[in-house]
Structures are given as structure tokens and as C-alpha cells.
Amino acid sequence: MYFDSLQAVLEMDGHGMFVWSAYVVTVIVLVGMVAHPLRRRRRLLRDIGGALRREQGAGQEVTN
Amino acid sequence: MSTPPGAAAFCLRLVRRQLLLAFRRPIDIANPLVFFAMVIALFPLGLGPAPDQLAAFAPGVLWIIALLSNLLTSDTVFRGDYDDGSLEQLLLAPQPLYLSGLAYICAHWLVTGLPLVLISPLFAVMLNLPAAGILALALSLLLGTAVLSLVGAIGAALTVGLRRGGMLISLLILPLYMPVLIFGSACVQAAVTGVPTGPYLAILGAMLSLAIALAPLAVAAGLRISIDA
Amino acid sequence: MWSFFHKLGSPPWLYGIAGSILRYLLPVTVIALVVGAVWGLLFTAPDFRQGNSYRIIYIHVPAAVVALAGYYVMAAAGAVSLIWRMKMADVAMKAAAPIGAALTFVALFTGSVWGKPTWGTWWVWDARITSMLVLLFLYLGVVALYEAFDNKEAASKACAVLSLVGMVNIPIIYKSVDWWYSLHQPASIKFTGESTIDSSMLYPLLLMITAFYCLFACAMLMNMRAELLEREAKTGWVRKLAAEGAH
Amino acid sequence: MTPPAPLLAARSLTLSRGGRELFRDLSLAIGPGDLVQLEGPNGVGKTSLLRILAGLSRYGYEGAVERSGALLYLGHKSAVKAQLTPRENLALHVGGEGSHGDAAIEGALAEVGLYGYEDVPSHTLSAGQQRRVNLARLYLCSSPLWLLDEPFTAIDRAGVGQLQSLFVQHVEGGGAVLLTSHQPLAVDYPVRALTLSQGSAA
């Protein structure tokens with residue numbers, strides 16, 4: 001490894017703040033890009049499932 | 001009864017109709033020019049009246065204002081006809097929509113671009129652009145405003161069906177205006193510094209021929225989509 | 001081949017195939033990203049001129065490259081939807097747009113943060129950064145146009161036309177911005193490392209670029225699956241899926 | 001005698017708007033001599049169907065429409081420019097049909113009760129009169145197929161009667177008319193009613 005200690009990694013001879021801020025923001029955006037559709041898909045499945053159960057539920061009350 | 005006219009005759013009729021409509025309300029022709037003059041007046045107030053400083057900014061400023069005033073008018077190319085239903089009839093006409101669109105754009109340019117070119121020497125003097133730059137400004141605007149009208153018509157066709165398309169149209173087409181601005185102002189800058197302006201006008205001419213060939217395709221597709229918005 | 005093209009058009013088949021691709025592609029992508037980042041951040045020597053700040057290249061260049069490629073992917077999907085009127089191409093185009101915009105933003109942000117230690121200012125009107133800014137406006141134009149339409153069918157067709165117009169204009173914009181940049185500042189260094197960088201820095205960069213391409217594909221497939229569910233909410237296969245409570 | 005070639009043939013049209021299905025697998029053919037009235041409650045998709053048949057709406061529906069020969073479509077809006085006079089509106093119309101001589105235009109305007117209004121600016125005319133300028137095109141154009149969306153709105157009773165006799169005359173002459181209207185047609189000619197109910201066409 002190029003750096004000899006964790007401290008050196010964080011500082012990166014003075015450029016650490018820029019490098020790490022760029023990486024952190026990038027990670028946030030990339031994770032968001034992947035997480036958003038996952039959440040949206042689960043929410044859709046849950047909503048459609050709920051609507052389905054309500055229809056079936058309504059169906060039962062009418063029949064019995 | 002009469003047989004439908006050929007595409008060329010039909011386009012000429014469309015241009016005549018649009019010009020007649022425009023001259024029935026001359027305020028619409030004057031508006032962009034008054035806007036141009038007003039914004040010209042803002043720059044000395046903002047940057048200070050020093051003539052040499054204004055002259056340094058003049059090429060870029062003149063072109064930027066020409067671009068913005070064209071942006072203002074490009075929303076109206078089809079909106080009038082969309083609102084009263086004439087656009088539906090145009091889409092159903094047997095003549096190719098590609099050429100009819102071109103006729104609309106040509107009429108729009110004659111009413112907005114050409115007056116701008118004719119008055120540009122006056123605006124150039126107001127920002128005391130050196131004399132060498134005035135002819136180059138007029139020539140570059142002659143080609144440039146035509147490209148701006150063609151590209152602006154694409155934005156107009158895509159947003160005509162939307163209630164408040166005005167703001168959206170600038171977001172859609174300003175990026176496409178940038179190359180015209182770059183070479184337009186560079187042409188005037190070159191003329192001011194004594195460099196030959198031939199190559200810049202050639203590039204603007206190339207952009208114009210590309211726009212004439214491709215823009216009506218996008219305009220025709222845009223109109224067919226927007227009629228259903 | 002034609003049956004494949006036809007099957008591409010059926011939503012449940014596409015939903016399923018996208019799911020199985022993701023099951024393998026997503027883990028590979030995550031591993032590649034982590035390995036590439038750690039390799040670039042910790043194991044390569046700093047640039048003799050810029051020092052450690054050059055390590056931002058491992059996210060700036062991949063994001064910029066994939067953002068530009070993403071626009072062409074979106075425009076291609078738009079062309080397919082306009083010419084062959086395939087609904088799935090609309091879904092692909094709508095899925096690609098926000099990801100491209102996000103990657104363009106990443107490229108711009110990392111570029112400006114990189115500019116601060118190198119050139120002393122947060123925003124540099126460098127040719128590459130300016131073209132990237134214009135690309136962001138093009139993406140935002142497509143996203144805004146889609147949102148502006150009420151009739152979503154017309155919206156995707158309009159966005160297809162706009163992205164095709166944008167695709168034709170991108171080379172013109174990039175060339176004119178490059179030319180404009182050379183006109184005003186002829187002798188400055190090429191900002192984003194076109195200068196030859198030696199191989200020890202190049203390999204992590206190539207790995208990161210591939211990883212970003214895979215990430216774009218993953219995010220796009222996920223967006224498509226979500227979009228399919230929303231558009232086909234009333235159809236049988238979606239209700240069956242929801243009833244099973246599939247993960 | 002074999003049925004004459006249809007002027008308009010639509011096959012398995014399906015349209016849904018905003019998640020609601022307006023009609024499914026609707027097919028129809030309109031040939032010379034057909035006077036068809038499209039009926040149905042509001043919002044059932046009559047105008048959308050007419051725009052699809054006219055070829056105005058190209059996207060968002062499944063199915064195919066074939067048209068042979070030119071058609072005239074009159075929509076809800078009057079397609080009359082307010083700054084132009086009725087004469088200029090008809091002479092320079094963007095509908096693509098030929099340029100009409102002054103005599104023909106004056107005759108058509110007289111037919112729709114606008115004699116004397118040829119050269120007044122259209123914005124001074126009432127809404128009904130502006131629609132009559134548009135209806136004057138029925139007397140001018142040569143297209144065999146007419147697609148008319150609510151042609152009778154804002155037209156007084158005498159005007160409606162005159163329009164209905166014009167339709168009969170056009171249909172007997174080998175043309176075809178498809179119109180949407182809530183008023184029953186009082187004509188002594190077989191009217192084919194096509195009712196659009198929720199989700200299907202009877």
C-alpha cells in the first residue's frame with residue numbers, strides 16, 4: 001500500500017479533504033441510483049398486493 | 001372542384017399566410033427588436049459606460065441578446081395555430097409536413113431574424129462595436145438567426161401542446177444554440193481584430209445547411225406528437 | 001433472431017430476464033467498484049505534478065465517459081421506440097435518463113472538487129467540464145419534457161425525438177466547445193489526464209470505467225423493472241407477482 | 001353487386017387513456033353512401049376515435065386504419081384565424097385543398113348565412129358565425145369522406161336543418177359522412193348509428 005498509516009490515508013498530504021469528499025458524494029449518488037428503483041419496485045409490489053387483497057376481501061364479504 | 005396544390009405552391013401560400021398574419025399585428029414584429037434595444041441599454045448600466053470596455057464585450061453581448069430575443073419568439077411559431085385548431089388542419093393536409101414546417105420556420109425567420117439583421121448595425125453602434133465588426137455582425141446574424149429559428153422550431157413543436165411551454169422551451173433548445181453562439185461571436189471578434197471571417201461564416205453556413213436538412217424532420221415528428229398532448 | 005426481437009416486446013419476459021441478469025451483474029459490479037476504488041485510492045503512486053488529488057480521476061473520468069455513452073443509449077432506445085413503436089424501448093429510454101443525469105452530476109461535482117487543489121478555483125471553464133455541463137442540461141431537458149406531458153405515451157415519443165436531436169448535436173457541441181477553449185486558452189494542460197498517464201495508474205482506471213458501465217446497466221435494468229410494474233399494474237402477471245409477494 | 005371499396009377501414013382499434021380503457025378491438029368500415037352517427041355519453045372516447053380515424057392521433061392506440069382518398073376533418077375548434085377575414089381564412093386555409101376562386105368562396109359563405117360578412121375581421125364575428133366560416137369549407141372541398149366532430153354546436157335550428165340536407169346530398173352523391181353529435185338526425189336517409197358505450201362499440 002502506498003500510504004503507511006491510516007492517518008496518512010486521511011490526510012493524503014493535504015489533498016485528503018478533496019479526494020474523500022469527491023468519493024463520498026459519488027458513493028451517495030451511486031447508492032441512491034441503485035436503491036431508488038429497488039425501493040420503488042418493493043413499494044409498487046406492496047401497493048398492488050394490497051389492492052389485490054382489498055378486492056378479494058370485498059369479494060368474500062359479498063359472497064358469504 | 002380544385003385539385004390539392006403541389007407542395008411548393010402550398011408552402012408559398014403558407015408563408016404568405018403567416019406573413020399576412022404577422023403584419024396584421026406589427027407589434028409582434030417590433031417586440032423582439034424593442035427587447036433587443038432595452039437589453040442593450042442594460043449593459044452600459046451594468047458594466048459602466050467606458051467605451052473601450054463596452055467595445056471589448058460588444059461581439060459576445062450582441063450575439064447573446066440576439067439569441068435570447070430569438071428564444072422569446074420561438075414559442076409562438078406554432079402556438080397560435082395550435083390554439084385555434086389550424087395546426088390540426090395542417091397535419092391532415094396531403095402536402096408533406098416536412099415542407100410545411102419549413103415554410104412556417106421561414107416565415108418566422110423573415111419576421112424575427114431578418115429585421116434583427118437589418119437593425120443590428122444600430123445596436124452595434126450603441127455598444128460602440130468597432131466599424132470593422134458591423135458587417136461581420138450582420139452577416140453572422142443573417143446565417144445564425146436562421147439556424148436559431150430552425151432549432152427553436154424543434155423546441156416549439158415539442159412543447160406546443162403544453163400549457164406553460166415557455167420556460168421549458170429554453171431548457172430544451174439553449175444547449176443546441178451554444179455552437180451557433182460560439183462561432184457567431186467568434187466571427188465578429190475576428191472581424192474586430194482584423195482576422196478574416198471567411199471560415200467562421202463557412203461554419204455557420206454548414207450549421208445552417210445541416211439544420212435546414214434535419215430540423216424539419218424533428219419538427220414534423222414533434223407536431224404529430226404534440227397534437228395529442 | 002426475429003422471435004427474440006419479438007419476445008423483447010413482452011413485459012413479463014423482459015421483467016424476468018432483467019431480474020436474472022441482475023442477480024449476477026449486480027454483485028460483480030459492486031466488487032469491481034470496490035476493488036477499483038481501493039486500488040486507485042490506496043495502491044497507486046500519486047501524480048508527480050498534482051499529488052494525491054489526481055486520485056479523483058478514478059471516479060471523474062468513468063462517470064464522464066459513461067454519462068456520455070448513456071445519452072447515446074437513451075437516444076438509441078428513443079429511436080427504436082419511434083421507428084418500431086416498441087413500448088419496451090420507451091421503458092428503456094425513461095430508465096436511462098435519470099441515471100445519465102446523475103452520472104453527469106457526479107462527473108461535474110468531482111471535476112470541480114478536483115479543480116480546487118489543482119487550479120485554485122472550484123469552477124473552471126475547461127473544455128471538458130463545460131461540455132459536461134451542457135450534457136447535464138440536455139439530460140435535464142429530456143427529464144423535464146417527460147414530466148411536462150400529461151399523456152405519458154406522447155411524453156415518451158416527444159422525449160425520443162428530443163434525445164435524437166440531442167444525439168445529433170452532441171458532437172457539434174463538443175467540437176465547438178473544444179475549439180472555443182483552444183481559442184481562448186491555447187497553452188494550458190489538458191485537464192482530465194489526456195496527457196499520457198503511465199500504466200500503473202491506467203489499469204485501475206480501466207477497471208473503474210468497466211465497473212461504471214456495469215453499474216449503469218444495473219441501475220437501468222432496475223429502473224426498467226420498476227417502470228414495468230407501474231405501467232402494467234392492472235395486468236395479470238403483475239397481480240400474480242404481487243400476490244405471491246415475490247421478493 | 002360487390003360492396004364498393006370502403007373509403008375508411010379500421011381494424012381492432014384499442015385505446016386506453018390514463019389507465020382507463022376507452023374501447024377495445026373496435027373495427028368499422030365506411031363506404032360511399034354511408035351516413036354514420038357516432039353516439040355515446042360524454043368522455044367515452046368519441047373525439048379520440050374520430051381523431052384516430054382521421055389520422056390526427058398517430059400514437060397511443062393499437063390497431064390499423066386505412067383511408068383511401070382525401071378526407072375533411074372538422075374538429076371542436078373552429079380553425080378560423082381571428083385576424084383574417086372569412087374570405088382570407090377560406091382562401092389561405094392550411095387544409096391543403098386547392099385555392100378557391102372568389103366566386104366559390106362568396107357562394108360558400110352565402111350558403112352558411114354569412115353573405116356580406118366576407119371582408120370583416122373574424123374577431124368581430126360571434127362564435128357561431130366563426131364556426132359557420134369553418135363549415136363553409138363543406139361547400140368548397142372535394143374530399144369524398146367527411147369526419148365531423150359535433151358539427152351542430154353553436155348553430156341555430158335553421159342552420160342545423162340545412163347542414164343535414166347537405167349531408168344527405170353529399171352521401172347520395174357517393175360521399176360518406178361520419179359525425180359525432182348528441183342530436184338525432186332528422187333526415188329521410190338510413191343513418192347507421194354507432195354507439196360507443198363503456199369499453200366497447202355496439
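A, B, ... follow the sequence lines: proteins, then strands. Residue 1 opens every chain. In this text, all values refer to a predicted model and were calculated from it rather than measured experimentally.
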Evaluate salt bridge (charged side-chain N to carboxylate O under 4.0 Å, His left out) for C:E227 paired with C:K152, printing each intermediate quantity in order. CA-CA 12 Å; C:E227 187 67 24; C:K152 287 308 168 195; over 6 Å; no

Shortest non-hydrogen contact from C:A95 toward C:M220: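 Scanning both residues completely, I find the closest heavy atoms to be CB-O, 3.6 Å.
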
Quick one: which of [options] has the most heavy-atom pairs under 4.5 Å with chain A, could you say?
| options | answer |
| --- | --- |
| C:L228, C:N223, C:I59, C:V113 | C:I59 |
| C:L26, C:L229, C:L33 | C:L229 |
| C:S53, C:A63, C:A102, C:A107 | C:S53 |
| C:I99, C:L42, C:V38, C:I56 | C:L42 |

Any residue meeting side-chain contact (heavy atoms from CB on, under 4.5 Å) with C:L133, in chain and number order, not counting sequence neighbours: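 Once residues adjacent in sequence are excluded, the partners of C:L133 under the side-chain contact (heavy atoms from CB on, under 4.5 Å) criterion are C:L108, C:W123, C:W125, C:F137.
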
Does the A:Y23 side chain pair with the main chain of C:R55, one donor and one acceptor, at a distance under 3.5 Å?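 Between the backbone of C:R55 and the side chain of A:Y23 there is a qualifying donor-acceptor contact (under 3.5 Å).
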
Is a donor on one side and an acceptor on the other found under 3.5 Å between the side chain of C:Y213 and the backbone of C:P62?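 Answer holds: no.
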
Under 4.5 Å from any heavy atom of chain A, what part of [X] do you find: side chain, backbone, both or neither?
| X | result |
| --- | --- |
| C:W39 | neither |
| C:V106 | side chain |
| C:L41 | both |
| C:S112 | neither |
| C:L215 | side chain |
| C:Y54 | neither |

In terms of heavy-atom proximity below 4.5 Å to chain C, should A:V29 be classed as side chain, backbone, both, or neither?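 Only the side chain of A:V29 comes within 4.5 Å of chain C.
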
Counting only non-hydrogen atoms closer than 4.5 Å, does A:I48 touch chain C with its backbone (N, CA, C, O), its side chain (CB onward), both, or neither?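 Both parts, backbone and side chain.
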
Exercise answer: donor-acceptor pairs, residues 31-38 of chain A side-chain atoms, under 3.5 Å, sequence neighbours excluded:
none

Should the pair C:E230-C:R225 be classified as a salt bridge under the 4.0 Å nitrogen-to-oxygen rule?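 Answer for the salt bridge query: no.
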
Sub-4.5 Å side-chain heavy-atom contact between C:Y71 and C:L138: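 Side-chain contact under 4.5 Å: yes.
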
